[in-house]
Amino acid sequence: MNKAAVWAIARKDMRSMTSNKQVWISMIILPLIFGLIFPVAAVFLGKSMDMTTEKNLKFYHTITSNMPDQLQALLNVNPNMLPNEQIVYFILNFMCPSFFLMIPMVTTSMIAANSMVGEKERRTMESLLFAPISVLDLFVGKVLSAFLPALAVSFGAFFGFAVIVDALTYNTFHALIIPNANWLMLMFWVIPTITLCVILFNVLISARVKTFQAAQNLSGVVVLPVVLLIVSNASGLLLFGPLPMLIFGIVVLLLSLFFLSRIAKWNQRHVLFEKQIH
Amino acid sequence: MNSPYIEVSGVSKRFGTQQVLDDMNFTVRRGEIVGLLGPNGSGKTTMIRLLNGVILPDAGSISVGGHNPAVEGDPIRRKSGILTEGAGMYHELTGLQNLEFFAKLYGVRDQKRLYELLEQFDLTAHMHKLAGTYSTGMKKRLGLAKALLHRPELLFLDEPTNGLDPEGIQLVMKYIRELNRTEGTTILLCSHVLHQIQEVCHEFIFMEYGKVIEQGTNREIESKYVTETVLRVETGLQINADRFAGVSVRRVGDEVLEFRLPNKDGISPLLQAILQKSWVHEAVITNRDLEALYFKVRGEQHE
């Protein structure tokens with residue numbers, strides 16, 4: 001692999017991204033809402049809820065009684081916690097991870113979907129395919145250009161989330177509730193592997209379609225439902241703890257590596273050229 | 001110096017139902033500037049893509065510097081540079097950033113080379129401006145600088161003068177000539193603007209409907225196709241008949257006459273005869289420039 005060329009492609013795309021205000025603003029809005037504003041609001045709401053009133057207690061029981069047994073058990077994980085504290089603890093540790101899973105995949109899906117077909121629409125794909133770089137170099141560069149910003153945004157949001165949430169809840173729990181083993185496994189293993197896989201699919205779609213609009217549509221129809229399915233089941237995955245998450249990540253990573261090796265085979269230079277230029 | 005560098009034999013290419021190239025045959029010698037000429041849609045760009053191995057032929061064989069582009073495209077792409085018709089530069093990057101990016105793809109580490117090329121193509125003052133703000137001519141010159149980054153031994157130029165002003169055309173043509181003379185670069189130049197490339201090319205390949213209809217030097221094609229000499233003379237000579245000094249003549253302008261001679265040997269005696277009667281300001285053979293030859297060759301193919 002030509003590392004210099006791979007980095008050059010990744011850096012060039014990231015530079016284009018950061019030079020476009022609309023792109024980077026849209027990349028920051030989602031993490032800001034779901035990674036910072038929502039958790040902070042949940043903490044304040046949870047802490048300020050008056051659980052002595054019948055109305056609020058009824059509301060609490062309505063929610064908890066509809067939960068699966070495992071989640072109900074989790075809410076009672078620490079019987080010393082007050083219902084308010086349990087709500088805050090539950091939201092932060094079992095609802096927020098879903099948002100953190102969603103952030104990198106949604107923010108970078110469009111970037112990845114634009115990666116190959118964007119070169120075609122700017123009439124620069126020809127220049128890349130005429131260059132002495134392999135198609136695999138091109139794909140890896142494109143994947144990196146979406147993967148690195150995705151991780152940067154996720155880790156940045158997580159750092160902000162951890163600092164703010166711990167600061168706001170320390171007087172309640174008298175301990176730093178974030179991060180814990182589940183969070184660390186999620187942030188530094190599951191999210192990177194699954195984001196890589198989603199980006200790979202989007203880049204593959206981008207190499208196969210003729211317009212960005214088609215890539216966007218296909219990405220929305222094929223990739224997004226799968227992403228949402230995973231995100232909606234993330235709480236379930238967290239219930240099993242770090243080890244199943246580790247195995248899940250390994251499976252996803254192997255799947256990604258398999259697809260990466262296939263991508264270069266399915267997209268030989270002449271196939272890519274005829275698909276994208278003609 | 002003159003060993004065949006590019007050999008194309010029986011090459012055909014079809015896109016869907018459209019036969020773009022049909023039994024193409026030609027050779028290019030090392031160190032030559034060869035003009036690949038033909039109307040739009042004659043298959044010139046497709047031929048360049050095949051030579052680079054970015055598309056594959058349906059039939060026939062190609063050799064570029066001893067490599068088959070269909071299976072050994074990388075060595076060819078490493079030693080060749082290309083200027084595509086759209087120049088293919090990134091509009092959101094500056095001129096310098098574009099060159100820095102392509103330098104990395106082509107493995108060029110010498111930053112001085114970038115500044116040297118920017119200077120050569122008159123872009124130093126604009127190197128920090130976004131390429132999207134460049135005029136067509138500037139984009140073309142930047143594209144040319146990109147094609148030359150790695151000092152290629154083979155250069156493909158697809159319509160290099162499209163969109164350039166006369167000054168730009170002169171600059172590019174001068175550089176092509178110099179490059180070929182000083183570094184011995186083999187250059188394959190596609191164009192449909194014939195008079196611009198007449199002076200720089202050693203040899204020409206005429207294409208039509210995906211076929212080579214003629215290949216040779218200007219002189220070779222002239223001797224094959226030109227059966228008479230058409231001489232246009234700016235003179236004060238008055239004629240009353242359709243012959244003068246035994247040569248067929250017709251008036252084509254106020255003070256311009258067109259003579260048709262069997263060959264060039266008759267030019268001097270004719271001019272002497274005219275000068276005895278009147279003045280002569282200019283005499284030009286009009287049917288042996290590239291454009292005239294091109295139409296002659298195409299005309300004969302259609303007969």
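Every chain is numbered from 1 and lettered A, B, ... according to where its sequence line falls, protein lines coming before strand lines.
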Exercise. Using non-hydrogen atoms and a limit below 4.5 Å, what part of residues 93-106 of chain B faces chain A?
Worked result: B/Leu93, B/Gln97, B/Phe101, B/Phe102, B/Lys104, B/Leu105, B/Tyr106

Problem set entry | chain A contact via B/Lys79 - side chain, backbone, both or neither, heavy atoms under 4.5 Å | neither

Exercise. Side chain, backbone, both or neither: which part of A/Glu119 has an atom under 4.5 Å from a heavy atom of chain B?
Worked result: side chain

Exercise. Of the listed residues (A/Gln268, A/Arg15, A/Arg11), which shares the most heavy-atom pairs with chain B below a 4.5 Å separation?
Worked result: A/Arg15

Problem set entry | A/Thr193: partners by side-chain hydrogen bond (donor to acceptor under 3.5 Å, both in side chains), with sequence neighbours left out | none

For this session: Answer yes or no: are there more than 12 heavy-atom neighbours, outside B/Tyr209 itself, under 6.0 Å from its atom OH?
Result: no

Exercise. Between B/Asp158 and B/Thr45, is there a donor-acceptor pair closer than 3.5 Å when you use the side chain of the first and the backbone of the second?
Worked result: no

Problem set entry | A/Trp189 ring center within less than 6.0 Å of A/Phe248 ring center | no

For this session: Report, as yes or no, whether the 6.0 Å neighbourhood of atom CD on B/Gln19 holds more than 12 heavy atoms from other residues, nucleotides or ligands.
Result: yes

Problem set entry | A/Phe100/A/Phe34 aromatic ring centres below 6.0 Å | no

Problem set entry | Check: A/Trp183 ring centre within less than 6.0 Å of A/Phe161 ring centre | yes

